[in-house]
Amino acid sequence: MPMLDSPITAPADLRRDLAIASVRSTIVDVPTVRRHKLSSLSVTAQSYVIVEVKLANGVTGIGEAATLGGPRWSEESVESIKANIDTYLTPAIAGLPADRFELIGIQLDAAAKRNTAAKSAIETALMDAVGKTLGIPAALLLGGVVRDRVPVLWTLASGDPVQEVEEAERKIAARLHNTFKVKIGAEAPATDLARLRHLAMALEGRATLIVDANQAWDETTALRCLPVLAELGVTLVEQPVPAWDLDGLARLRRRSSVPLMADECVFSAHDMLAVAQRGVADVVSLKLVKHGGLLNTRKVAAVAEAAGIGLYGGCLLESSIGASAHLQAFAGLRSLAWGCEHFGPQILTDDLVTEPLRFEDFHIHLPSGPGIGVTLDQDKLRRYARA
């Protein structure tokens, strides 16, 4: 690895301008328009850690770490994210040039194991600040843009099939979404299948359904339910069994006519390699909070592409800040055949940016500004900041 004073580095004055001067983290809680119910939890407000990194040149970049209902989806909570950013991660990178993304990643990994959401928020803020300094989108720092919009789905997760049909009808009529992911696993399989049958019949011919069990089933239950899902026209099933059960998921894949998607079992590129080698999944869900940032997300995607595994843009109900960061990573992927689910800004009662992302004709559009393309609304940050 070249030393910091290698002749191939940027001029010294630019390095000084890009030095990380300060890192600020703020916990915010933003109400959602309805209850969002998963197999193991439900939320009526979404919590984030907003990270602001200020460079020596005065430019500030922003990033976001999202969780769901505390440390139940992964080991991180907004409280732990903020504590680890303030206590361990910030001191590890203070004063480094912000454009040394890989070097900073090494320093962050040395300072704390995993903590992928915290690291992702920092890297996003760095790329935002560097992009703003250079006047270019963060996507260009990752290799350029292949697409400027991505098909985007909506998640149905209230558990009430009548309400969910009405919700889906509104999204279709507004030309916002015509693919819907249904969260299941909180109820008995028979109840979930009856709910799915209701949705499939009501939306037949006008919408596509996929399903996410969030690890709620065991292999036997999944084996019994997958043929019913196929009969209902479900096109993709996400993480039906626990993340540890790679062998069970591989066996299910061999017997299922519906493609299976890996989510919680793929955090790192090493996880992705294991999934590929064992024939575990047809598709993988990419999330910055899992992979530890934009660069690592692209690394996971590269392993999946090499194995012929399809790519899907997953989310954790990010605001426009987190969604924009994902779009920067997704924009340069050669293929994103399964679209994405970055509907998060629409499920919030309020957004955290001055100009929300554009949802139109069943797509979410890549913002055109420098960095990650959105601007933090400081008034809203103060309004929703946790005391």
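The analysis underlying the following values was restricted to heavy atoms, covering all of them including side chains, and did not include hydrogens, waters or symmetry mates. From a predicted model like this one, the values you see are computed outputs, not experimental measurements.
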**Fill in**
Test side-chain hydrogen bond (donor to acceptor under 3.5 Å, both in side chains), reference Lys290, set Asp263, Thr297, Asn296, output is Asp263
**Asked** Just how far is it from atom CZ of Arg278 to atom CG of Asp247, taken to the nearest 0.5 Å?
**Response** 4.5 Å
**Donor-acceptor contact below 3.5 Å, side chain Gln328 vs main chain Ala139** = yes
**Request:** Quick one: pull up CG in Leu141 and CD1 in Ile136 and give me the separation to the nearest 0.5 Å.
**Result:** 4.5 Å
**Request:** Determine, stepwise, if the pair Glu164 / His198 fulfils side-chain hydrogen bond (donor to acceptor under 3.5 Å, both in side chains).
**Result:** CA-CA 10 Å; Glu164 289 173 337; His198 181 91; over 6 Å; no
**Prompt:** Would you call Arg175 and Glu360 a salt bridge, using N to O less than 4.0 angstrom?
**Reply:** no
**Request:** Report the C-alpha distance between Tyr312 and Glu238 in whole Å, list the side-chain angles of each, state the deciding distance to 0.1 Å, and finish with yes or no for side-chain hydrogen bond (donor to acceptor under 3.5 Å, both in side chains).
**Result:** CA-CA 11 Å; Tyr312 170 97; Glu238 181 175 353; 4.7 Å; no
**Message:** If I take atom CD from residue Gln239 and atom CD from residue Gln215, how far apart are they, to the nearest 0.5 angstrom?
**Reply:** 5.0 Å
**Prompt:** Can Trp154 and Phe343 be said to form a ring pair (Phe, Tyr, Trp, His ring centres under 6.0 Å), step by step?
**Reply:** CA-CA 6 Å; Trp154 177 266; Phe343 64 94; 5.0 Å; yes
**Prompt:** Do you know which of Thr26, Asp350, Thr349, Asp377 makes side-chain hydrogen bond (donor to acceptor under 3.5 Å, both in side chains) with Tyr384?
**Reply:** Asp350
**Item:** Gap between atom NE2 of His363 and atom CG of Leu176 - 0.5 Å precision
**Value:** 12.5 Å
**Request:** Would you verify whether the NZ or CZ of Arg147 falls within 45 degrees of the ring axis of Phe330 while also being under 6.0 Å from that six-membered ring's centre?
**Result:** no
